[in-house]
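Throughout, protein chains are lettered first and strands after them, A, B, ... in sequence-line order, and every chain is numbered starting at 1. Small disclaimer: the values here were computed from a predicted structure and weren't measured.
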Amino acid sequence: DVKVTQSSRYLVKRTGEKVFLECVQDMDHENMFWYRQDPGLGLRLIYFSYDVKMKEKGDIPEGYSVSREKKERFSLILESASTNQTSMYLCASKVGVSSGANVLTFGAGSRLTVL
Amino acid sequence: GEDVEQSLFLSVREGDSSVINCTYTDSSSTYLYWYKQEPGAGLQLLTYIFSNMDMKQDQRLTVLLNKKDKHLSLRIADTQTGDSAIYFCAGQPLGGSYIPTFGRGTSLIVHP
């Protein structure tokens, strides 16, 4: 089974701190994604990556950056955390672009609280 | 781009059938998905349907697709308390990045 591992399940940070959220997948998937999930708003795509060192903005990239130095690892960075970034962050991966079914495999999520 | 709409809540009694509805806007969507999120967990794929199909059945799950009305539904037969979760509908656009667009999720609450 494909596994997507988010190393931090719960984090509490202070306003202005730099925050790193790490995600690792073990099935050689080309594509990786970061979403945030808020009640009533569902999943919103922050950034995605087609391949190593490649990144694309999603729907809500402001205040975030990403890094993909290795194929299996995709990091989400909050340069200066703010209280409105308190949320659940979900990482996902899938095989490369395909005209068939594009099934995403999700990690368990990282719940970030910014005080 | 694609918009996917779902109602936010559904409450059913244990043993009844649940029907979760979804509408989408992109008529060229090729695949439509249902994901389930249990409390404290990430999303897991439940099932998906290709756009040239009307129905797909998998044990207690039945997916109906009305392509003309751009309406998708998920029926869960004999709903159990373990089915309590958030259910997300997603539509996959044709071409481009093929990244599915998710609805806001429907919280299914099953009462004993």
Could you walk me through whether A:N102 and B:Y48 satisfy the side-chain contact (heavy atoms from CB on, under 4.5 Å) test, starting with their C-alpha distance in whole Å, then the side-chain angles of each, then the deciding distance to 0.1 Å, before giving a yes or no?
CA-CA 10 Å; A:N102 281 243; B:Y48 63 86; over 6 Å; no
Path from A:V4 to A:Y89 over hydrophobic side-chain contacts below 4.5 Å
no
Assigning hydrophobic clusters by single linkage (Ile, Leu, Val, Met, Phe, Trp, Tyr; side-chain heavy-atom cutoff under 4.5 Å), is B:I49 placed with B:V4?
yes
Any chain of hydrophobic side-chain contacts (each under 4.5 Å) joining A:I77 to A:L45?
no
Taking A:Q37 for its side chain and B:G42 for its backbone only, find out whether a donor-acceptor pair lies under 3.5 Å.
no
Check whether B:V63 and B:M53 end up in the same hydrophobic cluster, where Ile, Leu, Val, Met, Phe, Trp and Tyr are linked by side-chain heavy atoms less than 4.5 Å apart.
yes
As an exercise: rank B:L8, B:L43, B:I86 by heavy-atom pairs under 4.5 Å with chain A and give me the winner.
B:L43
If one checks every heavy atom of B:L45 against chain A at 4.5 Å, the contacting part turns out to be side chain
Evaluate whether atom CD of B:E14 has more than 12 neighbouring non-hydrogen atoms of other residues, nucleotides or ligands under 6.0 angstrom away.
yes
Could you tell me which portion of B:F50 (side chain, backbone, both or neither) has an atom closer than 4.5 angstrom to a non-hydrogen atom of chain A?
neither
Most heavy-atom pairs under 4.5 angstrom with chain B, which of A:C91, A:A92, A:G40?
A:G40
Measure distances from A:R44 to the heavy atoms of chain B and classify the residue's part below 4.5 Å as side chain, backbone, both or neither.
neither
For the residue pair B:I99 and A:Y35, what are the closest heavy atoms and their distance?
CG2-OH, 4.0 Å
Given the rule that I, L, V, M, F, W and Y join up when any side-chain heavy atoms are under 4.5 Å apart, are A:L90 and A:L112 in one cluster?
no
Which atoms of B:Q6 are under 4.5 Å from chain A, going by heavy atoms: the side chain, the backbone, both sets, or neither?
neither
Side-chain contact test, heavy atoms from C-beta onward, threshold under 4.5 Å: evaluate it for B:Q37 versus A:L43 and give yes or no.
no
Quick check: does any side chain N or O of B:Y33 sit under 3.5 Å from a backbone N or O of A:L104, one acting as donor and the other as acceptor?
no
